[in-house]
Protein chains: 2
Amino acid sequence: MSCSTILKQKGYKMTPQRRLIVEYIHDNQSHLTADELISFLETRAPGINKSTVYRTLDLLEESGCVVKSEIDGHFIYHHAEEGHHHHLVCRVCGKTQDCNENLFSSVKDVLANRYGFQADFKHIMITGLCSACRKKSR
Amino acid sequence: MSCSTILKQKGYKMTPQRRLIVEYIHDNQSHLTADELISFLETRAPGINKSTVYRTLDLLEESGCVVKSEIDGHFIYHHAEEGHHHHLVCRVCGKTQDCNENLFSSVKDVLANRYGFQADFKHIMITGLCSACRKKSR
DNA sequence: ATCGTAATTGCAACCAGTTGCTATTATATA
DNA sequence: TATATAATAGCAACTGGTTGCAATTACGAT
């Protein structure tokens, strides 16, 4: 189901601003930042306000159309249909690789059993050292 | 070894501002936020600037005296000597509980073997639903 | 004890993101 | 098609955090 349909079903209105944002997210399979989106919108809808952008992104997240992750104090958004995967972010070169493994299922079980805590573990950002930077530092 | 000693050994100067910040961190075993620290400093050293506080915290992190974690777009600092543990943050009530388990060792192994990625996994913030909020929502 | 200098501070401006408010607008209904 | 109204957009002010710069200061060498 498309993002627009979901928003309408939830009783939200489809404004030109929202249409553009949703369009950009659909055309853009990979991760996007609010900044990226804002500079795209400046070419298509000059005058659009950043608070509109952030509020729309929050709305889309709340509606499950988009997943919001954080890394190093700022936010990244993914189209939810991409499927759940995690991101390995190198703390030296900054490069990111995806990993689609179901890595955290055992951790989830431990937390549920011992702490009664139901962990989210969606689109985790894992910082560390990538193989290239590891070799360089040796 | 004390934080001041470490800073001196690294060739950094001990200023009154830094002395106060280090003192607060030593007296305060649990997590602290920059805001907390800033409002403490306002009583002891009026006029101290927030950029000094943030720069000192970054310095202490770089020197390994303090660990910086992020949650929901803002930062939390821990005295490094507390030992490594993780935090379970409830996305509903916001409460945090510590968990000292060596939860991620198996995940670390998988990432190292399959991706050549050396994950950090120190002071992870795990968001989810705590047992109390889980019961309420049922 | 004084001096030279590199490190550090405070400042002001900035960045990403948030919020309360008022004016505008999408949409359901008649 | 016109209208009522709740949702929304834009605005301006704000928050937490960062940065470049000029003035100050800690501290090693003399």
Side-chain angles (χ1 to χ4, degrees), chain A residues 3-24 31-42 44-63 65-78 94 125, chain B residues 3-24 31-42 44-63 65-77 91 94 125:
Chain A
C3 297
S4 322
T5 317
I6 294 172
L7 288 185
K8 275 186 196 165
Q9 277 195 346
K10 293 216 164 193
Y12 297 121
K13 294 177 181 172
M14 275 312 295
T15 64
Q17 293 88 339
R18 288 190 181 162
R19 249 186 289 274
L20 278 170
I21 292 168
V22 166
E23 181 196 309
Y24 187 82
H31 321 140
L32 74 125
T33 61
D35 262 6
E36 236 175 278
L37 193 46
I38 288 170
S39 52
F40 161 76
L41 290 166
E42 266 162 19
R44 296 283 305 269
I48 192 168
N49 195 272
K50 60 177 177 170
S51 59
T52 303
V53 175
Y54 284 110
R55 283 195 274 234
T56 302
L57 287 170
D58 285 349
L59 205 69
L60 288 167
E61 194 208 6
E62 190 206 299
S63 309
C65 299
V66 143
V67 180
K68 184 180 185 179
S69 320
E70 61 172 306
I71 169 99
D72 203 25
H74 65 104
F75 298 112
I76 290 179
Y77 302 84
H78 320 247
M125 298 282 173
Chain B
C3 296
S4 323
T5 316
I6 294 173
L7 287 186
K8 275 186 197 165
Q9 277 195 346
K10 294 216 165 194
Y12 296 121
K13 294 176 180 174
M14 276 314 293
T15 63
Q17 294 88 335
R18 288 188 181 164
R19 249 185 289 276
L20 278 170
I21 291 169
V22 166
E23 180 196 309
Y24 187 83
H31 320 141
L32 74 124
T33 62
D35 261 5
E36 237 176 275
L37 192 46
I38 288 169
S39 53
F40 161 76
L41 289 167
E42 264 162 20
R44 295 283 303 269
I48 192 169
N49 195 273
K50 62 178 179 169
S51 59
T52 303
V53 174
Y54 284 111
R55 282 195 275 233
T56 303
L57 286 170
D58 284 349
L59 205 69
L60 288 168
E61 195 209 5
E62 189 206 300
S63 309
C65 298
V66 144
V67 179
K68 184 178 184 179
S69 321
E70 61 172 307
I71 169 101
D72 203 25
H74 64 104
F75 297 112
I76 291 180
Y77 302 84
R91 90 177 98 85
M125 298 282 172

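Chain identifiers are assigned alphabetically (A, B, ...) following the order of the sequence lines, protein sequences preceding nucleic acid strands; residue numbering begins at 1 within each chain. The figures that follow rest on heavy atoms only: side chains count, while hydrogens, waters and symmetry mates do not.
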remark   = Across all chains, not counting sequence neighbours, the side-chain contact (heavy atoms from CB on, under 4.5 Å) partners of B:Y54 are B:A34, B:I38, B:K50, B:Y77

ask   = Considering residues at least two apart in sequence or located in another chain, which fulfil the salt bridge (Lys or Arg N to Asp or Glu O under 4.0 Å) criterion with B:D58?
value =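 Once residues adjacent in sequence are excluded, the partners of B:D58 under the salt bridge (Lys or Arg N to Asp or Glu O under 4.0 Å) criterion are B:K68.
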
Spatial distance of atom CD1 (B:I48) from atom CG (B:L37) [nearest 0.5 Å] =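 It comes to 8.0 Å.
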
task = Verify side-chain contact (heavy atoms from CB on, under 4.5 Å) between B:T52 and B:L41, making sure each step is shown before the conclusion.
result = CA-CA 11 Å; B:T52 303; B:L41 289 167; over 6 Å; no

remark   = When B:K50 and A:L59 are each assigned the nearest nucleotide of DNA chain D, the 5'-most assignment goes to A:L59

inquiry  = On DNA chain D, compare the nucleotides closest to B:K8 and B:K68; which residue's is nearer the 5' end?
reply    =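 With B:K8 and B:K68 compared, the 5'-side residue is B:K68.
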
Close N or O pairs between protein and nucleotides 20-26 of chain D (under 3.5 Å):
residue, atom, partner, partner atom, Å
D:dG20, O6, B:R55, NH1, 3.3
D:dA26, N3, B:K13, NZ, 3.0

Euclidean distance, atom CG of residue B:N49 to atom P of D:dG17 [Å, nearest integer] = 14 Å

task = Considering non-hydrogen atoms only, spot the tightest contact between A:L57 and A:V66 and give its length.
result =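 In this case the closest contact between A:L57 and A:V66 is O-CG1, 4.5 Å.
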
task = If the plane angle is over 60° it's perpendicular, under 30° parallel, otherwise tilted; pick one for A:H31 and A:H78.
result = perpendicular

I'd like a table of atom pairs between the protein and nucleotides 28-30 of chain D - only N or O on both sides, under 3.5 Å - with the distance next to each one.
none

query = Any luck finding a side-chain donor-acceptor pair between A:N49 and A:S51 under 3.5 Å?
reply = yes

Span of DNA chain C in contact with chain B (heavy atoms, under 4.0 Å) = C:dA6 to C:dC11

query = Tell me, which pairs form a salt bridge (Lys or Arg N to Asp or Glu O under 4.0 Å) where one or both residues lie in residues 4-22 of chain A, sequence neighbours left out?
reply = none

